[in-house]
Structure formats: C-alpha cells, structure tokens
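Here the structure is laid out as structure tokens; the discussion comes afterwards.
A note on names: the letters A, B, ... follow the listed sequences, proteins ahead of strands, and every chain is numbered from 1. These figures come from a predicted structure and were not determined experimentally.
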Protein chains: 2
Amino acid sequence: MATGRTHRPATRSRGIPEATVARLPLYLRALTALSERSVPTVSSEELAAAAGVNSAKLRKDFSYLGSYGTRGVGYDVEYLVYQISRELGLTQDWPVVIVGIGNLGAALANYGGFASRGFRIAALIDADPAQTGKQVAGLPLRHSDELEAIVAANQVSIGVIATPAGAAQEVCDRLVAAGVTSILNFAPTVLSVPDGVDVRKVDLSIELQILAFHEQRKAGEEQPASAARPARGQRPGTDGDVPAVMPA
Amino acid sequence: MATGRTHRPATRSRGIPEATVARLPLYLRALTALSERSVPTVSSEELAAAAGVNSAKLRKDFSYLGSYGTRGVGYDVEYLVYQISRELGLTQDWPVVIVGIGNLGAALANYGGFASRGFRIAALIDADPAQTGKQVAGLPLRHSDELEAIVAANQVSIGVIATPAGAAQEVCDRLVAAGVTSILNFAPTVLSVPDGVDVRKVDLSIELQILAFHEQRKAGEEQPASAARPARGQRPGTDGDVPAVMPA
DNA sequence: CCATCTTTGTGCACACGTTCACAAAGACAT
DNA sequence: ATGTCTTTGTGAACGTGTGCACAAAGATGG
Ligand SMILES: NC(=O)c1ccc[n+]([C@@H]2O[C@H](COP(=O)([O-])OP(=O)(O)OC[C@H]3O[C@@H](n4cnc5c(N)ncnc54)[C@H](O)[C@@H]3O)[C@@H](O)[C@H]2O)c1
Ligand SMILES: NC(=O)c1ccc[n+]([C@@H]2O[C@H](COP(=O)([O-])OP(=O)(O)OC[C@H]3O[C@@H](n4cnc5c(N)ncnc54)[C@H](O)[C@@H]3O)[C@@H](O)[C@H]2O)c1
C-alpha cells in the first residue's frame with residue numbers, strides 16, 4: 001500500500017472508510033470477471049472468496065454504498081459493477097500524465113489495466129531531449145518543458161512520477177503548480193505537497209523489506225526439533241543478540 | 001498498501017505491530033540519507049519530518065524495538081540504522097527470483113534499490129524459450145523449466161511475480177512448492193497460497209482507482225455555493241444522478 | 001551538586017477496522 | 001397465505017493504530 005493521505009482530517013461526513021475504498025477496486029475486478037462470464041448474481045460468500053477477503057467484511061463494505069443486495073439471493077453483478085464504478089469515479093474519464101519514461105515509466109505506459117478502467121494517458125513526459133518525439137506505447141514522448149501546458153490543456157488531475165528519486169520533488173512541485181491534485185509516486189522519496197493534494201506511493205524496496213521481516217521471523221521460529229532447513233535466518237528463540245556499541 | 005497476510009493470526013508474542021513494520025523501511029531510508037551526510041544524531045522530530053510521519057508515532061514505533069535513544073539528545077544515526085536493519089532482517093542476504101521478464105520484470109531487474117538493501121537477484125525466469133539466454137540487467141534469462149532447480153539451489157525464499165495475470169497462480173504454486181515462502185505479486189490477480197506463505201501485492205490500477213475516488217470527492221465538494229444537495233457524491237457538471245435499473 | 005533545558009518513552013483516550021452472530025428480508029414452493 | 005430456506009445488513013464486541021500530553025532521563029552549565 002501504499003500511502004500518505006495529505007488530504008482532509010477525517011471522512012465521517014459522507015464517509016466511506018478508507019479501508020473500504022481500498023478494497024472496492026478488488027471487488028470491482030472480481031465482479032468484472034464474473035460479468036465477462038455472464039454470471040447474473042453472486043453471493044457475498046462467493047464474491048468474497050474471489051476477492052480474497054472475508055464475507056462479513058465485504059457485506060459491511062457494501063453497506064456503506066447502500067443496500068444493493070437481495071436477501072436470499074445475493075448481488076446483481078452488473079448493477080454492482082455500475083454502483084462501485086460510480087462510487088470510485090470510474091464512470092468518467094481521468095486523463096493521466098506519466099513523468100519519467102525510463103524502464104519503469106515505459107512499462108507503466110504499456111500496462112493494459114491502465115486504459116481498461118477509465119484512465120487515459122494524456123501524455124508521456126521526459127526530460128531527456130534525445131528521447132523527445134520517440135514513441136512509447138503508441139504515444140510520442142513530450143519534453144518536460146511542456147509539462148505545464150500539457151496539464152492545463154488536458155485538465156489533468158492525476159500524475160504518475162517515475163523519475164529518479166532526485167527529480168521527484170521538483171517534478172511533483174511542477175505538477176501541483178500546474179493543477180494536478182493526485183499523485184502516484186514510484187520514486188523512493190517522501191514527497192511533500194500542499195493540503196488538498198493526495199499522494200500515494202509504490203515502493204518495491206519497501207515491500208521486499210516487509211517480506212524479509214516476516215521471512216526472518218519464520219526462520220527464527222522454526223521448530224527446534226526438526227532443523228528443517230538451515231535457513232539463513234538469525235538464531236531462533238533467543239532474542240538476545242546484544243549488538244555492537246552505543247556510541248557516545 | 002498492499003497485502004494479504006496469510007501468515008499467523010497475530011503477533012502478540014515478540015510482536016512488533018504490522019503498521020510499525022511497514023514504516024521501518026521508511027525510517028531506514030531517511031536514516032541512510034543522514035548517515036551519508038555524516039549526521040551523527042537526529043531527534044525524533046527531525047527524523048519524523050524526513051520520513052513524513054508524526055514524531056509521536058515514530059517514537060512509539062522505536063519503542064517496540066527497544067530504548068535506543070538518548071533523552072535530551074536524540075538517536076544515534078549509525079546505531080539506529082543497524083538496529084532497524086537487524087530487525088528487518090537486512091543484515092543477511094536475501095536471494096530473490098523474478099518470474100516474468102517482460103516490460104515490468106525488466107524494469108524491476110534494473111531497479112537499483114533492489115541490491116542496495118540486502119536483496120540479491122538470484123535469477124530472472126521467463127517462459128518464453130526465444131528469450132532464454134538473453135541478458136537483462138547483466139543477468140541471463142533462465143527458462144521456467146528450471147524454476148524449481150533454481151529455487152532449491154539458491155535457497156530462495158522470496159519470489160517476485162511479474163507475469164501476465166493468467167499465469168500468476170500457476171507460477172505462484174510452483175514457487176511455493178519449490179520452497180518460496182514470501183511472494184511479491186505485480187499481476188492483477190488474487191493469489192491463493194497455503195498457510196505460512198506471505199503474499200504482498202502491488203497494483204497500479206488499484207492505486208489509481210483510489211486516487212480517482214478522492215479526486216471525485218474533491219470535485220464534488222467544490223464550494224457549490226447554493227444549489228448544494230449533498231446527495232450521492234457526484235461531480236459538479238454532469239449531474240447524471242439516478243442510476244440505471246435494478247433488475248429483478 | 002544542583003538547576004535548567006531538551007527530548008525521549010509511554011499511559012491513556014479515542015478513532016478506525018475487523019469479525020461474530022443473528023434478526024429480518026425476501027425468494028420460492030406448496 | 002403460510003412456512004421454509006437462504007443470505008443480507010448491521011449491532012456489538014473486540015483488536016489495532018494514532019496522537020496527546022507529560023513525567024522522567026539525561027545533557028549541559030554554573
Ligand atoms: N516503485 C518501484 O517498485 C520501482 C521499481 C523500479 C524503479 N523505481 C523507481 O522508479 C524511478 C524510475 O526508474 P527507472 O528504472 O525507470 O529509471 P530510468 O533511469 O530508466 O528512467 C528515469 C527516466 O526519468 C527521466 N527523467 C529524469 N529527470 C527527469 C525530470 N526532471 N523530468 C522528467 N523526466 C526525468 C529520465 O530521462 C529517464 O528517462 C526511479 O526513481 C526508481 O528508483 C521504482
Ligand atoms: N502492478 C503494476 O503496477 C503493474 C504495472 C504494469 C504491469 N503490471 C502487470 O505485470 C505483469 C507483467 O506486465 P508486463 O507489462 O511486463 O507484461 P509483458 O507481457 O511485457 O511480460 C510478461 C512476461 O511474462 C512471461 N511469462 C508469461 N507466462 C509465463 C510463465 N508461466 N512463467 C514465466 N514467465 C511467463 C512472458 O514471456 C513475458 O516476458 C502483468 O500481469 C501486468 O498486468 C503490473
């Protein structure tokens with residue numbers, strides 16, 4: 001997951017809980033799959049299984065949207081797809097710019113699941129003049145100088161940053177100044193933005209470190225009896241590795 | 001964020017809260033930057049600012065690791081780097097395999113922040129025989145047939161999946177059968193894994209949808225002056241209220 | 001050795017998220 | 001109509017995470 005809400009304090013007003021919002025896309029994906037198989041209705045139990053969550057949670061999540069199910073039957077697939085799409089704002093088109101078209105930026109530009117929901121790539125922007133004009137994913141690379149003009153002309157409100165970390169804050173500032181109010185950041189930096197701008201981040205390295213933590217824990221827990229695998233982990237049981245020094 | 005913990009129920013034993021674990025890499029990154037600038041000590045206030053969190057939260061997080069600060073002074077940078085690294089299991093080397101070396105897989109393989117922490121790419125694996133042997137990021141692509149052998153030979157416990165969604169579950173099953181117990185999944189699918197295996201996921205599309213939700217909310221809130229009816233958070237312009245049909 | 005000042009570590013209260021468990025809504029058959 | 005059966009929607013209990021606010025630890029200076 002990603003991230004930092006620099007937005008409003010709470011959501012108790014017309015509020016769908018943040019945790020619920022984060023799961024709606026998951027439900028939507030599962031429902032879309034059912035829809036493609038022409039399944040007419042689905043129970044909370046089935047859908048929950050498909051989305052990898054527990055059914056009580058799913059029902060509570062849906063209850064924040066309204067009462068869209070039918071007791072004894074379940075949920076109408078098409079109807080739910082529509083309701084969730086509307087709630088997420090996917091019934092409209094969101095123009096998006098991607099800044100920093102290197103290895104990662106190009107992969108993102110080629111990502112199908114991008115356009116499949118209402119997201120449209122308005123432009124691919126890179127600072128390297130040598131790249132300008134080159135085509136990536138069928139779109140021409142535009143130079144950073146044009147950033148402000150592109151954002152304004154297309155009314156872009158969502159920006160994706162895939163530049164090196166060092167350039168991320170500057171790019172962010174320019175995007176925000178030009179009118180972008182939501183940013184998805186792939187660079188490993190903390191971005192600071194004014195109130196009213198949302199930032200979410202994706203960081204491979206952080207995800208791996210979290211996995212490593214649990215991995216180490218698993219290794220350290222290994223049944224002392226059957227030394228299954230001499231995992232590279234720390235020694236088990238004993239937590240007492242008193243480490244190095246505590247300098248002055 | 002991302003994820004499904006299919007691991008243990010809770011962590012009440014030697015437990016560092018999950019939310020804290022997820023922030024440790026962030027602190028570590030900030031500390032590493034300070035370390036490179038030879039800053040000897042840092043206060044919770046300063047470090048919190050650098051990591052983008054609130055200082056009380058940071059102090060509480062650190063308190064789960066032990067009492068590593070000095071009142072009136074702050075935290076010793078080098079010492080904290082060591083303690084957090086140890087806690088996250090980064091003092092050891094973690095061999096990782098990436099499966100599915102297309103646009104995204106190649107970008108991940110080239111990612112510097114990979115090796116910079118203790119993660120080492122043990123192998124890049126792809127199913128396409130035409131690609132086998134080609135070099136990506138200085139490593140030769142290996143064919144999927146070798147997956148099991150590679151995992152076993154390198155004692156790989158962390159796998160990254162960057163294949164198309166359709167292949168993800170099968171790849172996951174093979175990784176798990178071969179001994180992998182932590183998976184980072186970039187394919188837009190829910191993976192099912194046995195107990196004891198951790199899965200984290202990264203999904204661009206989901207992140208964008210979450211941003212779109214808040215974006216829509218912001219637009220719908222625009223000082224509507226008078227005719228404001230706080231009905232179903234619709235955007236300003238098109239007031240296409242009242243949805244379609246509710247089928248039988 | 002004492003006073004003062006800074007900054008940690010944490011008790012506490014509250015907000016948020018999850019799960020259980022069940023009343024009641026509706027479908028459907030008779 | 002009435003009864004049975006399925007499955008929703010949600011109250012209530014519990015667990016986890018956040019942030020305030022402050023006592024106490026230690027540095028530093030006289
Ligand atoms: N989140 C993740 O999982 C993940 C994975 C891999 C890489 N990354 C990060 O993504 C970023 C990009 O990685 P990459 O491998 O594609 O790097 P890259 O070097 O291949 O690409 C960076 C691109 O950004 C462009 N650029 C540089 N400064 C710019 C500016 N000011 N304005 C516009 N464009 C600019 C460069 O011309 C280049 O094309 C890096 O920060 C990297 O650390 C993140
Ligand atoms: N999470 C994100 O933000 C994000 C972004 C872009 C793409 N994606 C996803 O990542 C995945 C890869 O995207 P991509 O653009 O690199 O696609 P791609 O088609 O360029 O690459 C897929 C690669 O996987 C290989 N492959 C297919 N089946 C395989 C198997 N069974 N075993 C091993 N390798 C196999 C293919 O040969 C190909 O090289 C897709 O699922 C895509 O939806 C995710």
Side-chain angles (χ1 to χ4, degrees), chain A residues 1 3-13 15-24 26-27 39-77 79-80 83 210 246-248, chain B residues 1 3-13 15-24 26-27 39-77 79-80 83 210 246-248:
Chain A
M1 149 215 152
T3 280
R5 312 231 32 241
T6 318
H7 197 26
R8 286 185 313 160
T11 338
R12 227 29 15 202
S13 48
I16 297 178
E18 195 54 34
T20 295
V21 172
R23 282 187 294 266
L24 291 180
L26 228 54
Y27 302 145
V39 175
T41 62
V42 66
S43 71
S44 62
E45 205 71 54
E46 294 164 329
L47 184 54
V53 305
N54 137 330
S55 73
K57 194 187 291 186
L58 177 143
R59 288 198 300 277
K60 182 147 290 208
D61 283 343
F62 286 174
S63 79
Y64 294 114
L65 309 187
S67 253
Y68 297 145
T70 305
R71 293 170 193 230
V73 176
Y75 300 91
D76 180 88
V77 172
Y79 187 66
L80 246 197
Q83 289 300 341
I210 296 172
M246 172 54 182
Chain B
M1 188 192 343
T3 298
R5 310 234 32 240
T6 319
H7 195 27
R8 285 185 314 162
T11 338
R12 225 35 11 209
S13 45
I16 297 177
E18 195 56 32
T20 295
V21 172
R23 281 188 294 267
L24 292 180
L26 228 55
Y27 302 144
V39 176
T41 62
V42 67
S43 72
S44 62
E45 207 70 54
E46 294 163 331
L47 184 54
V53 305
N54 136 332
S55 73
K57 195 188 289 186
L58 176 143
R59 287 198 301 277
K60 184 150 292 205
D61 283 342
F62 286 174
S63 80
Y64 293 115
L65 310 186
S67 253
Y68 296 145
T70 304
R71 294 170 192 227
V73 175
Y75 299 90
D76 181 87
V77 172
Y79 186 66
L80 246 197
Q83 288 300 340
I210 296 172
M246 172 52 183

*asked:* Could you tell me how far apart L80(B) (CG) and dG9(C) (C1') are, to the nearest whole angstrom?
replied: 14 Å
*asked:* As an exercise, state the distance from CG of L58(A) to OG of S55(A), rounded to the nearest 0.5 Å.
replied: 7.5 Å
*So, do T41(A) and T70(A) sit near enough that their side-chain heavy atoms are less than 4.5 Å apart?*
no
_How long is the straight-line distance from OG1 of T20(A) back to NZ of K60(A), given to the nearest 0.5 Å?_
9.5 Å
*Whole Å only: how far is the CG atom of D61(A) from the P atom of dG9(D)?*
12 Å
*asked:* Please determine whether a side-chain nitrogen or oxygen atom of R59(B) lies at a distance below 4.0 Å from atom OP1 or OP2 of dA21(D).
replied: no
_Distance in angstrom units between E45(B) CD and dT6(C) P, rounded_ = 13 Å
*asked:* Please classify the nucleic acid contact of A56(A) as base, sugar-phosphate, or nothing, using heavy-atom distances under 4.0 Å.
replied: base
*Could you check Y75(B), F62(B), Y79(B) and say which one makes a ring-ring contact (aromatic ring centres under 6.0 Å, His included) with Y68(B)?*
Y79(B)
*To the nearest Å, how far apart are L58(B) CG and dT7(C) C1'?*
12 Å
*Sub-4.5 Å side-chain heavy-atom contact between L65(B) and L24(B)*: yes
*Taking only the side-chain heavy atoms of S44(B) (C-beta and beyond), determine which of dT18(C), dT8(C), dC22(C) contains the nearest atom.*
dT8(C)
*Starting at OH of Y64(A) and ending at C1' of dG11(D), how long is that distance when rounded to a whole Å?*
12 Å
*Any side-chain N or O of Y75(A) less than 4.0 Å from the OP1 or OP2 oxygen of dG9(D)?*
yes
*Polar side-chain contact K60(A)-dG17(C) base: donor and acceptor under 3.5 Å*: no
*Tell me which of S43(B) and R71(A) sits closer to the 5' end of DNA chain C, going by the nucleotide each one is nearest to.*
S43(B)
*Looking at every strand, decide which applies to F62(A) at a 4.0 Å heavy-atom threshold: base, sugar-phosphate, or nothing.*
nothing
*Given atom CD1 of I16(B) and atom P of dT16(D), what is their separation to the nearest angstrom?*
15 Å
*In whole angstroms, how far is the P atom of dA12(D) from the NZ atom of K57(A)?*
22 Å
*Would you mind telling me which of dG17(D), dT18(C), dG19(D) lies closest to the side-chain atoms of E18(B)?*
dG17(D)
